[in-house]
**Q** 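Sending over a structure as structure tokens; questions will come in a sec.
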There are 2 protein chains.
Amino acid sequence: MTDRVMKKHVRNQGRLHCDMGVSINRELELEQPLEDIRHELVLNIVRTATQISQKGALLFRRFDLTEAQFNVLFALKYKTSAWTQSDLSKRLVVTRASITSVLDKLEDKGLVMREKVPGNRRIYHVALTRQGKNLIDTVEPVYRETIHKALDSFSDRQCLELIHRLEQVRARADEVA
Amino acid sequence: MTDRVMKKHVRNQGRLHCDMGVSINRELELEQPLEDIRHELVLNIVRTATQISQKGALLFRRFDLTEAQFNVLFALKYKTSAWTQSDLSKRLVVTRASITSVLDKLEDKGLVMREKVPGNRRIYHVALTRQGKNLIDTVEPVYRETIHKALDSFSDRQCLELIHRLEQVRARADEVA
DNA sequence: ATCAAACTGTTAGACGCTTTACATTTGCCT
DNA sequence: AGGCAAATGTAAAGCGTCTAACAGTTTGAT
């Protein structure tokens, strides 16, 4: 740690001015090193996903949910068979440990339940509670409507093409490993 | 907290078996609620970005870097003017608080330095150290080569089209707010 | 010249994610 | 039947991100 960090703020408890957080006030030169269009594509994909996630987070917060919590509720709503935590982790492409922590929070809120499974003492079946079902039924239409508004300039065909391209990207990226 | 959580593991210190982490052993039904192609597109974008990030993290870890740390070094390498932490936060589209924590770690590793600015006691100019410059110069070619290998089935024109589409998505998503 | 608003960087707390390591349970294979 | 590997869920530590709140500095309007 440098001494810079040691500087402490102890006075000025009153807060009379406004802190608007990050804002754009000055243009940065977005100079590119060389015309590396593939690097640019990668940046664009990540940037778009980030923006989508942040917009989603704002929406979900209106219902006191995080994005991860919404994803779990949404997945549970449309499952047709009994799912374990491990199943959930594969479906959402996160580790089992992540599922444990998200489920802990959802269980505390009374939105999901872990049910012991008679034949197997290792696993739990995860399911929505009545309250969880009600909540996701409330959030889902808002979520879908927002997505449609955001993407209404895209035709179904354009969406499909874009999806196809992204699948190609994933497939190739997988091979490189 | 439920009693489930209270269960403690205290014995069996020996670890003779292998824990390979999450693996795919059983197919999950990926049933979709209705044919919501736009929702599918959103999932695809986020999923692709996640995969890219995880692949990148693997690569960067070979150089003892996280993705966020790489992003900072990479941005600093190609800046043409002096950048403050705030500039960096805008460039990387994260909050100033995030930049503070990443820079703390990079500074501890001796890869970047914060320089006081004579005319303005509020800001620091952030720059690569000699060591930081050397490191990013080592990592960058590997990074670029990986991206090119992963995307070599895309023509420049296809990349451009895809970028354009993604920019459209971001623009529209911004409007919805 | 003053003063309020804006800007910059930091801190604290929360969250999600990962990795690593573990206890327990199950299942397969000889 | 026994034993070893795999599978499941949990815990802890580390990282990056966010929001909120703050101290200090600068700026701009009056």
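So you know, we letter chains A, B, ... as the sequences are listed, proteins then strands, and number each from 1. What you see is a predicted model, and the numbers here were worked out from it, not measured in a lab.
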**Q** I need the A:Glu145 CD to A:Asp152 CG distance, nearest 0.5 Å.
**A** 11.0 Å
**Q** Is the shortest distance from a Lys or Arg side-chain nitrogen in B:Arg91 or B:Asp87 to a carboxylate oxygen in the other one below 4.0 Å?
**A**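 So B:Arg91 does not pair with B:Asp87 through a salt bridge.
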**Q** Linking Ile, Leu, Val, Met, Phe, Trp and Tyr through side-chain heavy atoms less than 4.5 Å apart, which residues share a cluster with A:Val117?
**A**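 Grouped by the 4.5 Å side-chain rule, A:Ile123 form the rest of the cluster around A:Val117.
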**Q** I need the CG-P distance between A:Leu92 and C:dG16, as an integer number of Å.
**A** 13 Å
**Q** I'd like to know whether the aromatic ring centres of A:His148 and A:Tyr143 sit less than 6.0 Å apart in this structure.
**A**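 Aromatic pair excluded; centres sit 6.0 Å or further apart.
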**Q** C:dA6 C1' sits how many Å from B:Ile123 CD1, rounded?
**A** 15 Å
**Q** Produce the list of close N/O pairs, under 3.5 Å, pairing protein atoms with atoms of nucleotides 14-17 of chain D; give distances to one decimal.
**A**
residue, atom, partner, partner atom, Å
D:dG16, OP1, B:Thr66, OG1, 2.3
D:dG16, OP1, B:Gln69, NE2, 3.3

**Q** Report the distance from atom NZ of A:Lys116 to atom C1' of D:dG9, rounded to the nearest whole Å.
**A**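 Atom-to-atom, A:Lys116 to D:dG9, this comes out as 11 Å.
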**Q** Let me confirm one number: the CZ-NZ distance from B:Arg144 to B:Lys149, rounded to the nearest 0.5 Å.
**A** 15.5 Å
**Q** Tell me whether the side-chain N/O atoms of A:Ser86 come closer than 4.0 Å to OP1 or OP2 in D:dT8.
**A**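 The answer is yes; a side-chain N or O of A:Ser86 sits under 4.0 Å from OP1 or OP2.
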**Q** Test for a donor-acceptor pair under 3.5 Å between the base of D:dG9 and the side chain of A:Arg122, counting only N and O atoms.
**A** no
**Q** Compare the minimum distances between each of C:dG9, D:dG9, D:dT26 and the side chain of B:Asn120, then state the nucleotide with the smallest one.
**A**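 Of C:dG9, D:dG9, D:dT26, D:dT26 is nearest to the side chain of B:Asn120.
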**Q** Take atom CZ of B:Arg96 and atom C1' of D:dC18, then tell me their distance rounded to the nearest Å.
**A**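 Rounded to the whole Å, the gap is 13 Å.
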**Q** Can you tell me the distance, in whole Å, between the CG atom of A:Asp64 and the P atom of C:dC15?
**A** 11 Å
**Q** Taking atom C1' of C:dG9 as reference, at what distance in whole Å does atom CH2 of B:Trp83 sit?
**A**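 So the two atoms are 18 Å apart, to the nearest Å.
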**Q** Given atom CD of A:Gln85 and atom C1' of D:dA7, what is their separation to the nearest angstrom?
**A** 13 Å
**Q** Is there a side-chain polar atom (N or O) of A:Thr84 under 4.0 Å from OP1 or OP2 of D:dT8?
**A** no
**Q** With sequence neighbours excluded, what pairs up with A:Glu67 under the side-chain contact (heavy atoms from CB on, under 4.5 Å) test?
**A** A:Ser53, A:Phe60, A:Asn71
**Q** Could you state the atom-to-atom distance from CG of A:Asp87 to C1' of D:dT8 in whole Å?
**A** 11 Å
**Q** Please evaluate residues A:Phe63 and A:Phe70 with respect to the criterion ring-ring contact (aromatic ring centres under 6.0 Å, His included), reporting the C-alpha separation (whole Å), side-chain torsions for both, the decisive distance (0.1 Å), and the verdict.
**A** CA-CA 10 Å; A:Phe63 302 92; A:Phe70 170 82; 9.2 Å; no
**Q** Tell me whether the side-chain N/O atoms of A:Arg121 come closer than 4.0 Å to OP1 or OP2 in C:dT26.
**A**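 Yes, because at least one side-chain N or O of A:Arg121 sits under 4.0 Å from OP1 or OP2 of C:dT26.
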